[in-house]
Structure formats: structure tokens, C-alpha cells
Amino acid sequence: MDTATLTRPAVLILLGPPGAGKGTQARMLEDRFGLVQLSTGDLLREAVAQGTEAGKAAKAVMEAGELVSDEIVINILRDRLKAPDVSRGVILDGFPRTTMQAEALDHLLAETGQKIDAAISLEVDDAAMVERISGRYTCANCGEGYHDSFKTPEVDGVCDECGGTEMKRRADDKAETVASRLEAYHAQTAPLIGYYRDRGVLQEVDAMKPIKDVAGTVQSLTADVIS
Ligand code: ADP
Ligand code: ADP
Ligand code: ZN
């Protein structure tokens, strides 16, 4: 693990449309740099599964491929950032997704004297995004991500990471929902590219390349900004 140079908690943001590879890259960054992946999508799916108030409010919105309210998402993220395990630094995966969330994050970090090290924008075209989403599945036990064509386990049906054999697909990874997720991305999230460019932390990465090539670029620029 590349941790010797880390002197304060790092804050990385992974920006990009659904299916761009944010979760895939975040897990690889966790392994290499000892950072913690915070996925608001995962946190919301957990809240839905547990039937909390936030989960009840979020369920139908997520199924429709729209964005959950800023208030719910910001509250969930604020709570998660208080947990002790995030002290080494975080990779925000899927947050912020609106300008209001980006401003809320700036305030949260200012309270603890932290700053954003990089906002890494994974750039893919819309057709690739649809292809990636429709072939996506994950290990039900450890959450490792796979793809029908682009990332298959070494032994069919068996997770490379944990040996688990139960694989699952997300309820919202279906053709009917993809159009609204893409629309939400272009209308509400894409403006954040300019937001972070203006603040001098934007890093644009060609995410049309194979997973390992994208990982090489993402990890080398991470090593540069957190040292
Ligand atoms: P993907 O990996 O495909 O980008 P996520 O797992 O990040 O999807 O998000 C799944 C769904 O959860 C989104 O379509 C949205 O409904 C909700 N969601 C996740 N993060 C946010 C957020 N920061 N703001 C609003 N809604 C969110
Ligand atoms: P996001 O978190 O941005 O929604 P994921 O990391 O879940 O995206 O990736 C979506 C799907 O595409 C997964 O099945 C993953 O294995 C696959 N994938 C990720 N990055 C690439 C890539 N560079 N090339 C091809 N497939 C990829
Ligand atoms: Zn697994």
C-alpha cells in the first residue's frame, strides 16, 4: 500500500455518468492507498433494504432513475463522514451529484479543515454507459463488481475476491431506467465538471479505455495529488 506519504486525510471525488466505472476504480483505490470508498448509491440501497425513513423516501425515486433529494443524501453522507474508519481519507463515489451537494460538501470539509485533493471525471460516451450498465453484476457477499463481457470472474459464477457464488444485479440497471439516469446526469451532475474546473481540482480521464488502463491513469494522478 502506498501510504507513506499521506500526511492528512485525502478527499477524492469520482465524477462520471452511471456505468462510467466509478465503483470499479474506487475499490482499486481503496486497495492501493488505504482510502475508504463512500458510495451514496450503496448507502441509499442499504437504507432501502433496512426500511429506514430515508430508505422509504428514496426507493421509488431510485427505481425511476431520478435523483434522491439533496437533503436525504447530504444527511446520509454527513453521518457516514463521522465514522472513525474514514480518517485515512475518502473516495466519494457518486457524490456530489448536484451543485447544492457540492456546496454542502465544501461546507462540511471546511468545518474539519479538509480540502478536495482531486475531482476525477471519468469520461465515457452515452452508448458505452448503456452497455456497461446492462452487463453489470456484483458479488452478493463482498460487493466486487463484474461485467458479462468486460470483467468476468476467473471461474464462471465464483467471485475472485471471496469465493462467493451468489451474484446480483441492481433493480435500476434495466433499459427502461437508463434513459432517465442519463438525463439526470446530463442535467444535474455534468455541471459539476465546470464547478471543479473553476476550483482547480478537476482531472479528466478517458474512461473508454480498458479497466486496467483507466486504473493506471487514475492511480498515478492520485499518487501525485495526495503526496
Ligand atoms: P451508478 O453507479 O450507476 O452511478 P449509484 O449507485 O451511484 O449509481 O446511484 C444509484 C441511484 O441512487 C441513483 O440513480 C440515484 O437515484 C441515487 N443516488 C445515488 N447517489 C446520489 C446522490 N449523490 N444524489 C442523489 N441521488 C443519488
Ligand atoms: P459506476 O460505479 O460508475 O456506475 P461501475 O464501476 O459499476 O460504474 O462499472 C459499470 C460496469 O462496467 C461494471 O460491470 C464494470 O465491471 C464495467 N466497467 C467498469 N470500467 C470499465 C471499463 N473501463 N471498460 C469496460 N467495462 C468497465
Ligand atoms: Zn465476493
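In each ligand, atom 1 is the first atom listed, and ligand 1 is the first ligand listed.
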**Request:** Work out whether the distance between some heavy atom of A20 and some atom of ligand 2 is less than 4.0 Å.
**Result:** yes
**Asked** Just which atoms of ligand 1 are under 4.0 Å from any heavy atom in R181?
**Response** 1 (P), 3 (O), 8 (O)
**Request:** For T138 and G145, indicate whether the former's side chain and the latter's backbone hold a donor-acceptor pair under 3.5 Å.
**Result:** no
**Asked** Looking only at protein heavy atoms, which one is nearest to atom 12 (O) of ligand 1, and how far off is it?
**Response** M62 CE, 3.3 Å
**Item:** Any N or O of G19 closer than 3.5 Å to N or O of ligand 2
**Value:** yes
**Message:** Tell me which one of T98, L44, L43 satisfies side-chain contact (heavy atoms from CB on, under 4.5 Å) with V73.
**Reply:** L44
**Prompt:** Which atoms from ligand 1 have a heavy atom of R45 less than 4.0 Å away?
**Reply:** 6 (O), 10 (C)
**Request:** Verify the neighbour count for atom NZ of K168: are there more than 12 heavy atoms of other residues, nucleotides or ligands below 6.0 Å?
**Result:** no
**Prompt:** Just distances here: any N/O of S39 and N/O of ligand 1 closer than 3.5 Å?
**Reply:** no
**Item:** For G23, atoms of ligand 2 separated by under 4.0 Å from a heavy atom
**Value:** 1 (P), 2 (O), 6 (O)
**Request:** Flag K22 as yes when one of its N or O atoms lies below 3.5 Å from any N or O atom of ligand 2, and as no otherwise.
**Result:** yes
**Request:** Begin from the C-alpha positions of R181 and E66 and carry the test salt bridge (Lys or Arg N to Asp or Glu O under 4.0 Å) through to its verdict.
**Result:** CA-CA 6 Å; R181 287 164 71 193; E66 289 160 15; over 6 Å; no
**Message:** Applying side-chain contact (heavy atoms from CB on, under 4.5 Å) to M167 and C139, what does each step give before you reach the verdict?
**Reply:** CA-CA 5 Å; M167 299 289 173; C139 169; 4.2 Å; yes
**Asked** N/O to N/O below 3.5 Å, does that happen between K209 and ligand 2?
**Response** yes
**Item:** Any donor-acceptor pair under 3.5 Å from H186 side chain to P17 backbone
**Value:** no
**Prompt:** Does D173 come within less than 4.0 Å of R136, counting only side-chain N to carboxylate O?
**Reply:** yes
**Request:** Evaluate whether atom NZ of K151 has more than 12 neighbouring non-hydrogen atoms of other residues, nucleotides or ligands under 6.0 angstrom away.
**Result:** yes
**Request:** Return the residue, atom name and 0.1 Å-rounded distance of the protein heavy atom closest to atom 13 (C) of ligand 1.
**Result:** R97 NH2, 4.0 Å
**Asked** Which protein heavy atom lies closest to atom 16 (O) of ligand 1, and at what distance to 0.1 Å?
**Response** E66 O, 2.6 Å
**Request:** Heavy-atom distances under 4.0 Å are what count here, so tell me which part of P210 touches ligand 2: side chain, backbone, both or neither.
**Result:** backbone
**Message:** I need the SG(C142)-the Zn ion (ligand 3)-SG(C162) angle, rounded to 10 degrees.
**Reply:** 110°
**Fill in**
Going by the 4.0 angstrom heavy-atom rule, the piece of V73 near ligand 1 is side chain
**Asked** Is there a side-chain contact between V205 and S121, using heavy atoms and a 4.5 Å cut-off?
**Response** no
**Message:** Please work out, at 4.0 Å between heavy atoms, whether the side chain, the backbone, both, or neither of R136 comes within that distance of ligand 1.
**Reply:** side chain
**Prompt:** Side chain, backbone, both or neither: which part of Q25 has a heavy atom under 4.0 Å from ligand 2?
**Reply:** neither
**Item:** D106 with K115: basic N within carboxylate O range, under 4.0 Å
**Value:** no
**Message:** List ligand 1 atoms under 4.0 Å from Q101, heavy atoms only on the residue side.
**Reply:** 22 (C), 23 (N), 24 (N), 25 (C)
